[in-house]
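Heads up, the thing below is written out as structure tokens.
In what follows, every heavy atom counts, from backbone to side chain, and hydrogens, waters and symmetry copies are set aside. Letters go in sequence order (proteins before strands), and every chain restarts at 1.
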Protein chains: 2
Amino acid sequence: MSLEHVLLGMLREPASGYDLRKSFEEESRHFWSAELSQIYPALKRMMERGWLVCDAAPSERGPKRRVYERTHEGTSALESWLRQEPVEGRDRIAYIAQLIFLGELDDGVATTRFVESLHRHFKSKLTLLESALDEMLTSVDGNIDALDATGFHEYLSLQMGIAAYSARVDSSAESLALVAERYTGVVKND
Amino acid sequence: MSLEHVLLGMLREPASGYDLRKSFEEESRHFWSAELSQIYPALKRMMERGWLVCDAAPSERGPKRRVYERTHEGTSALESWLRQEPVEGRDRIAYIAQLIFLGELDDGVATTRFVESLHRHFKSKLTLLESALDEMLTSVDGNIDALDATGFHEYLSLQMGIAAYSARVDSSAESLALVAERYTGVVKND
DNA sequence: ATGACCATGTAATCCGTTACATGATTCG
DNA sequence: CGAATCATGTAACGGATTACATGGTCAT
């Protein structure tokens with residue numbers, strides 16, 4: 001049950017459900033996301049459990065906002081989640097299943113197309129993460145020590161994401177070469 | 001709705017629900033898994049849809065087995081899934097959320113412990129994948145060209161997994177050094 | 001006025017996990 | 001006799017997506 005803890009973590013500053021969904025889309029897209037229809041009931045439950053308090057606030061335009069704030073109990077619930085072991089999600093990687101079962105077709109063109117598409121996808125994901133890192137680093141003139149604790153931890157997580165995607169970019173390119181070699185007899189000389 | 005396509009892919013040979021769960025546990029653990037309570041109804045739906053036929057078979061011990069086999073329709077449903085674009089699952093990586101929100105604690109010990117634990121976890125995952133690759137390679141005396149099409153595609157998928165986990169192992173080690181530097185002032189000389 | 005954005009929510013449905021229910025065989 | 005393994009399922013619950021429902025403001 002991680003969503004509620006993620007919401008707690010995002011509530012450094014008081015925010016409404018609508019705000020939180022925007023944060024998911026703008027900042028946290030690379031590690032978590034949730035729809036409003038999931039966020040609103042979650043906030044309600046968390047309030048009933050005493051993790052949040054809710055404050056009505058007027059809005060510039062549109063209906064009145066409900067702004068949520070962490071209580072001490074909420075903060076300590078977050079802290080005990082953070083001090084747990086890393087939470088591992090289940091691996092359900094459909095594209096790996098597809099790649100394996102493509103073996104049955106034994107069709108070089110199909111496999112090539114597939115791996116090319118994977119490669120493009122990994123590259124675009126990598127670009128996103130890299131530009132987030134760039135932005136963060138230019139904001140402190142390339143000096144990591146100038147980051148505050150939150151910035152530093154964000155930096156670590158971006159590094160890990162970049163490393164993982166960069167490896168995937170490279171290995172999909174290598175796979176492409178192997179596929180070409182196997183199905184067309186072309187051998188790259190290096 | 002990928003589970004049913006994954007089951008189709010695994011039904012190269014006729015198999016029962018029980019067999020399929022064993023395959024998930026023994027072979028496919030690193031990219032997919034499912035419980036019997038999910039598999040049995042899925043097989044039933046697939047049969048009603050005409051993707052499978054079911055044959056009753058006696059068993060060595062225990063109740064009689066229901067062995068499922070792909071129909072032409074099932075095979076072509078699989079094929080059109082394989083010829084789609086790679087299916088990307090949504091990213092919900094709880095441990096990245098934890099790492100980022102640990103910034104709020106600003107506690108070097110907590111972050112160190114966390115990243116160490118991540119590192120261990122990545123390493124053990126990597127070891128699993130590497131031994132699967134080893135096993136596959138020794139079965140053909142290190143000669144990739146001797147793999148059949150299915151083996152070759154499995155090889156590609158293992159390579160990608162290994163690359164991704166190996167990058168994570170390295171980057172978590174680097175993170176550990178950065179954390180030590182930031183929180184204890186110790187600088188590694190290289 | 002039409003559409004984009006602000007802002008809240010509920011309901012139906014789907015996918016997955018855990019727990020329950022049943023019963024035969026084999027090994028220690 | 002009890003535990004493990006073979007083998008089939010259903011039911012209850014929880015988490016996530018999609019669709020539905022409502023209504024205000026602002027810019028074109």
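- The CG atom of A/Leu36 sits 12 Å away from the P atom of C/dT10 (whole-angstrom rounding).
- Between A/Lys22 and C/dC6, a side-chain N or O to OP1/OP2 separation shorter than 4.0 Å is present.
- Regarding contacts with the backbone of D/dG9, every side-chain N or O of B/Tyr40 stays at 4.0 angstrom or more from both OP1 and OP2.
- Proximity of A/Lys44 to the phosphate of C/dT10: a side-chain N or O atom is located under 4.0 Å from OP1 or OP2.
- Separating the OH atom of A/Tyr18 from the P atom of C/dA4 is a distance of 13 Å, rounded to the nearest angstrom.
- At least one donor-acceptor pair under 3.5 Å links the side chain of A/Ser16 to the backbone N or O of A/Asp19.
- Between the C1' atom of C/dG16 and the CG atom of A/Asp91 lies a distance of 15 Å, rounded to the nearest Å.
- Looking only at distances, a side-chain donor or acceptor of B/Arg29 sits under 3.5 Å from a matching main-chain atom of B/Glu25.
- For B/Arg120, the salt bridge (Lys or Arg N to Asp or Glu O under 4.0 Å) test picks out no residue, with sequence neighbours left out.
- Rounded to whole Å, the distance from CG on B/Asp19 to C1' on D/dC6 is 10 Å.
- We find that CG of B/Leu20 is positioned 14 Å from P of D/dC6, with the value rounded to whole Å.
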Atom pairs under 3.5 Å: protein N/O with N/O of nucleotides 14-19 of chain D:
{"unit_1": "D/dA16", "atom_1": "OP2", "unit_2": "A/Gln38", "atom_2": "NE2", "d": "2.4"}
{"unit_1": "D/dA16", "atom_1": "O5'", "unit_2": "A/Gln38", "atom_2": "NE2", "d": "3.2"}
{"unit_1": "D/dT17", "atom_1": "OP1", "unit_2": "B/Arg92", "atom_2": "NH2", "d": "3.2"}
{"unit_1": "D/dT17", "atom_1": "OP2", "unit_2": "B/Arg92", "atom_2": "NH2", "d": "3.1"}
{"unit_1": "D/dT18", "atom_1": "O4", "unit_2": "A/Ser37", "atom_2": "OG", "d": "2.6"}

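- Screening residues 166-175 of chain A for salt bridge (charged side-chain N to carboxylate O under 4.0 Å, His left out), with sequence neighbours left out, gives no hits.
- One atom, CD1 of B/Ile39, and another, P of C/dC15, lie 15 Å apart when rounded to the nearest Å.
- Sorted by first then second residue, the salt bridge (charged side-chain N to carboxylate O under 4.0 Å, His left out) pairs that include residues 128-142 of chain A, not counting sequence neighbours, number zero.
- Residue B/Arg65 contributes atom CZ, which lies 17 Å from atom P of D/dT5 at whole-angstrom precision.
- Under the salt bridge (charged side-chain N to carboxylate O under 4.0 Å, His left out) criterion, the residue pairs touching residues 89-117 of chain A are A/Asp91-B/Lys125, A/Glu104-B/Arg70, A/Asp107-B/Arg83, with sequence neighbours excluded.
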Output a table of donor-acceptor pairs, distance under 3.5 Å, between side-chain atoms of residues 157-167 of chain A and any protein atom two or more places apart or on a different chain; print 'none' if there are none.
{"unit_1": "A/Ser157", "atom_1": "OG", "unit_2": "A/Glu154", "atom_2": "O", "d": "2.9"}
{"unit_1": "A/Gln159", "atom_1": "NE2", "unit_2": "A/Tyr155", "atom_2": "OH", "d": "2.8"}

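- One finds no side-chain N or O of B/Ser16 lying less than 4.0 angstrom from the OP1 or OP2 phosphate oxygen of D/dA7.
- Computed from coordinates, the A/Leu43 CG to C/dG9 P distance equals 9 Å when rounded to whole Å.
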